[in-house]
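The figures here come from the full heavy-atom set of this structure, side chains too, leaving out hydrogens, waters and symmetry mates. Remember, it's a predicted structure, so these values are computed and weren't measured experimentally.
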Amino acid sequence: MVVNTSDNRYGVAQLIVAPTLAEGANYTTIATALTAASSGQTIFIRPGTYTENLTLKAGVNLTAFTDDGLTPNVTIVGTCTMTVAGTVSISGIRLQTNSAAAIAVTGSEISILNLDNCYLNFTNNTGISYTSSHATSVISSPVFSWTP
């Protein structure tokens, strides 16, 4: 369900996801917020567990509304797939496997995925599937940069 952003009670953020609209959100799934988002926007995610597979969009960033990387209060259970040319940042979110990789960077484009203050919980599958054929695609964070 989508709510007019003028109803947003959290200030200048236009894209807010929460388990219920009563929590000041205008989306109840991250996927619908990604569909509505344009490059240059950030999707703010309220505390909760979101079980969904996401196709990341170039220039659209995902961040926990209240960031705490040591004990994240936002969890995405599913696969975040990036196949497009561009950069995406994910901040303050726990990424958790759901019988598939939590992160997948695929295709032949220059894909740059930045993980900032994220917690990676790979319990029931390989956590990262990196099959990009482009030599300069990368998954990076402040503490590591990974290109197989």
> Would you say N61's side chain and S89's backbone share a donor-acceptor pair under 3.5 angstrom?
Replying inline: yes

>> Please check this pair: side chain of K57 against backbone of S39, looking for a donor-acceptor N/O pair closer than 3.5 Å.
In response: no

>> If we count only N and O atoms by modelled type, under 3.5 Å, do the side chains of H134 and S132 hold a donor and an acceptor together?
In response: no

> Does a side chain donor of either S99 or N125 reach within less than 3.5 Å of an acceptor in the other side chain?
Replying inline: no

Answer whether the closest heavy-atom distance between the side chains of [X] and [Y] falls below 4.5 Å.
X: V105; Y: T131; answer: no
X: L62; Y: L54; answer: yes
X: L34; Y: V60; answer: yes
X: I43; Y: T63; answer: no
X: M82; Y: V88; answer: yes
X: F122; Y: I128; answer: yes

Taking all atoms of both residues into account, what is the closest heavy-atom pair of [X] and [Y], and its distance?
X: T79; Y: A104; result: CG2-CB, 4.0 Å
X: L95; Y: L115; result: CD1-CD2, 4.1 Å
X: I16; Y: R46; result: CG2-CG, 3.8 Å
X: G92; Y: C118; result: N-SG, 4.0 Å
X: P19; Y: G48; result: CG-CA, 4.3 Å
X: E52; Y: I76; result: O-CG2, 4.0 Å

> What's the verdict on side-chain contact (heavy atoms from CB on, under 4.5 Å) for T51 and N98, showing C-alpha distance, side-chain angles and the deciding distance?
Replying inline: CA-CA 8 Å; T51 302; N98 188 18; 3.9 Å; yes

> For S91 and N117, what are the C-alpha separation, side-chain angles and deciding distance, and is it a side-chain hydrogen bond (donor to acceptor under 3.5 Å, both in side chains)?
Replying inline: CA-CA 6 Å; S91 305; N117 207 23; over 6 Å; no

>> Determine whether N26 and L21 satisfy the following criterion, side-chain contact (heavy atoms from CB on, under 4.5 Å), listing intermediate values before the conclusion.
In response: CA-CA 6 Å; N26 43 11; L21 295 176; 5.5 Å; no

>> Could you measure the distance from the CD1 atom of I103 to the OG1 atom of T126? Nearest 0.5 Å is fine.
In response: 12.5 Å

> How long is the gap from OH on Y27 to CG on L15, to the nearest 0.5 Å?
Replying inline: 5.5 Å

> I90 and side chain to side chain contact (heavy atoms under 4.5 Å, CB included): which partner among N114, L113, D116?
Replying inline: L113

> Out of V74, T29, T75, T28, which residue meets the side chain to side chain contact (heavy atoms under 4.5 Å, CB included) rule with Y50?
Replying inline: V74

> Does L120 share a hydrophobic cluster with I139, counting links as ILVMFWY side-chain heavy atoms below 4.5 Å and allowing steps through other members?
Replying inline: yes

